Amino acid sequence: STPGPRDVDVVVIGAGQAGLSTAWALARQGFAPGTGFVVLDGEEAPGGAWRHRWPSLTLGTTHRVHDLPGLPFTPDDDSAPAVESVPAYFTEYEQRFGLPVLRPVRVAAVRRGADHRFRVETDRGAWTARAVVNATGTWTRPFVPRYPGQERFRGRQLHTVDYRSAEEFRGQHVVVVGGGASATQLLAEISRVTSTTWVTRRPPVWRAGPFDADAGRRAVAMVEEAVREGRRPGSVVGVTGLPTSTPYIREGLDRGVLQRLPMFDRITPGGVAWDAAGGVESRFVAADVILWATGFRAAVGHLAPLRLRDPGRGFRMEGTQVAGEPRLHLVGYGPSASTIGANRAGQAAARVLRRELRPGAPLPR
Ligand code: FAD
């Protein structure tokens, strides 16, 4: 089992951008690392979801990882795989600030325990805490929609989390499903070695101008409003559009590989099919591979015992606090589902926790 106290003020779950920025800020707010708060992370090593990105994903113009608080991220080489450079940065970060990250520790359930404390149950025993910051991200919950005939497809189906390299599809026809950044990026990559078909539910929205700070603020405000009202927020790309200034998108448009078809109706053993409707003819595309670039859901199954969610809806939020359970914070979701957003949310959560818990003070009754 892991050493150290099991009864703390705050348990942070997850050590990605959101969990680490929370941990840094908790220490600054007077919570003692190790005795006042711990971070429980399911990974074998630092890096959060960045440990699992496909090897061709690099940091440059399209992918930017915002600095964690207190230590700038200065990769020597923009062309280095993110799967290496970001975990290296997180490793340095955890060491530099002595952050009390315990791993691998997988949280199975969070329950209301005795004395107004949460009981955090894991594969390495239980912790209790006055407050919990959930920063478990989405990577461990890839989402694949259901279509008729899917289980009889003879080819290969995979989600972006399983994607490694375009080479493995050489000579096969690949149907890429999804309208976001991952879909367009993987299409641009795969279409260099083999034939592809792109399908999306809605027509893509191309954005010609640069993505400036104003556009960013508007996008975040829209997502925040959705979350306050308990609606499921859409993806950031859904709000901002796909930037045609990005080299791979511009180049994909030039080569004609970003021509999209509407969503198919059925999957057959040999491909995907559209039924005739509204004057549009039926259609069939033979496929060897269906690549689902269809996003993620929040990895929050372990919070189910708290019964905070209305069926079919998200959590209702007030800032980073869950409405109805203000000692539970969620960081890294909705308006904070980016490296910059996660960063801010973690620090905001720590400020609220200091105000409400006054580190070390007895629990108000
Ligand atoms: P994560 O990095 O996923 O960290 C969550 C941690 O929690 C993980 O270590 C996980 O193992 C752990 N965990 C999960 N469940 C449990 C459990 N039950 N018990 C214990 N531990 C658990 N954003 C940007 O700002 N710039 C980009 O360029 C960018 N590119 C992206 C590219 C891709 C392909 C994807 C999918 C996303 C990208 N994003 C980008 C979004 C960005 O990655 C995320 O918003 C941010 O990194 C999420 O950080 P996080 O801390 O919330 O989650």
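Treat the numbers as computed from the prediction; the structure is a model and nothing was measured. Note that ligands are numbered from 1 as they come in the structure, with each ligand's atoms numbered from 1 the same way.
- When each of T197, V272, V175 is tested with L261 by the rule side chain to side chain contact (heavy atoms under 4.5 Å, CB included), just one qualifies, namely T197.
- Close approach of ligand 1 to A15 (heavy-atom distance below 4.0 Å) involves ligand atoms 6 (C).
- Ring-plane geometry between H52 and W139 is classed as parallel, the angle between the planes falling under 30 degrees on a 0 to 90 degree scale with a further cut at 60.
- On a distance-only criterion, I13 and ligand 1 share no N/O pair closer than 3.5 Å.
- Residue-ligand proximity: W54 is placed with a non-hydrogen atom under 4.0 Å from ligand 1.
- For A135, every heavy-atom contact with ligand 1 shorter than 4.0 Å involves the backbone, none the side chain.
- Taking a cutoff of 4.0 Å between a charged side-chain nitrogen and a carboxylate oxygen, R255 and E251 qualify as a salt bridge.
- If you look at L59 next to ligand 1, there are no close heavy atoms at all, none under 4.0 Å.
- A salt bridge is absent between R283 and E281: the closest approach of a Lys/Arg side-chain nitrogen to an acidic carboxylate oxygen does not fall below 4.0 angstrom.
- Residue V105 approaches ligand 1 through these ligand atoms, each under 4.0 Å from one of its heavy atoms: 19 (N), 20 (C).
- Those atoms of ligand 1 that come under 4.0 Å of a heavy atom in G14, given as number and element, are 6 (C), 7 (O), 12 (C).
- In this structure, R130 forms no cation-pi arrangement with F118, as its terminal cationic atom is not both closer than 6.0 Å to the ring centre and no more than 45° off the ring axis.
- Among the atoms of G42, some N or O lies under 3.5 angstrom from an N or O of ligand 1.
- Every residue two or more places apart in sequence or in another chain was checked for a ring pair (Phe, Tyr, Trp, His ring centres under 6.0 Å) with F153, and none qualifies.
- Contact annotation for A108 and ligand 1: no heavy atom of the residue comes within less than 4.0 Å of the ligand.
- Of the heavy atoms in A299, none comes closer than 4.0 Å to ligand 1.
- Residue contact check for ligand 1: A342 places no non-hydrogen atom closer than 4.0 Å to it.
- Of all the atoms in ligand 1, the ones that sit under 4.0 Å from a non-hydrogen atom of Q17 are 49 (O), 51 (O).
- Polar contact check, F296 against ligand 1: no nitrogen or oxygen pair lies under 3.5 Å apart.
- Evaluation of the salt bridge (Lys or Arg N to Asp or Glu O under 4.0 Å) rule for R266 yields D275 as partners, not counting sequence neighbours.
- With respect to R119 and E121, a salt bridge is recorded, a charged nitrogen being found less than 4.0 Å from a carboxylate O.
- Between E44 and R103, none of the side-chain N atoms (NZ, or NE/NH1/NH2) sits under 4.0 Å from a carboxylate O, so this pair counts as no salt bridge.
- Among the atoms of A18, some N or O lies under 3.5 angstrom from an N or O of ligand 1.
- Here the shortest heavy-atom distance to atom 11 (O) of ligand 1, taken over H52, H66, E43, belongs to E43.
- A donor-acceptor distance shorter than 3.5 angstrom exists from the side chain of Q157 to the backbone of Q150, with no hydrogens or angles considered.
- Residue-to-ligand polar distances keep S182 apart from ligand 1: every N/O pair is separated by 3.5 Å or more.
- By the criterion of a heavy-atom distance under 4.0 Å, the side chain of W50, and not its backbone, is placed next to ligand 1.
- Annotation: cation-pi geometry satisfied between R297 and F143 (NZ/CZ under 6.0 angstrom from ring centroid, within 45° of ring axis).
- The pair R106-E43 does not count as a salt bridge, with every side-chain nitrogen at least 4.0 angstrom from each carboxylate oxygen.
- Interface of A337 with ligand 1, defined as ligand atoms under 4.0 Å from a residue heavy atom, comprises 45 (O).
- The distance criterion of under 3.5 Å between nitrogen or oxygen atoms is not met by T140 with respect to ligand 1.
- Within a 6.0 Å radius of CZ in R152, no more than 12 heavy atoms belonging to other residues, nucleotides or ligands are found.
- Residue contact annotation: V65 has no non-hydrogen atom under 4.0 Å from ligand 1.
- Residue contacts with ligand 1 for R53 involve side-chain atoms from C-beta outward but no N, CA, C or O (heavy atoms, distance under 4.0 Å).
- Annotation: side chain of V8 is not in contact with side chain of F37 (no heavy-atom distance under 4.5 Å).
- Looking at F90 against ligand 1, nothing comes within 4.0 Å, counting heavy atoms.
- Contact analysis puts R64 in contact with ligand 1, with a non-hydrogen atom separation below 4.0 angstrom.
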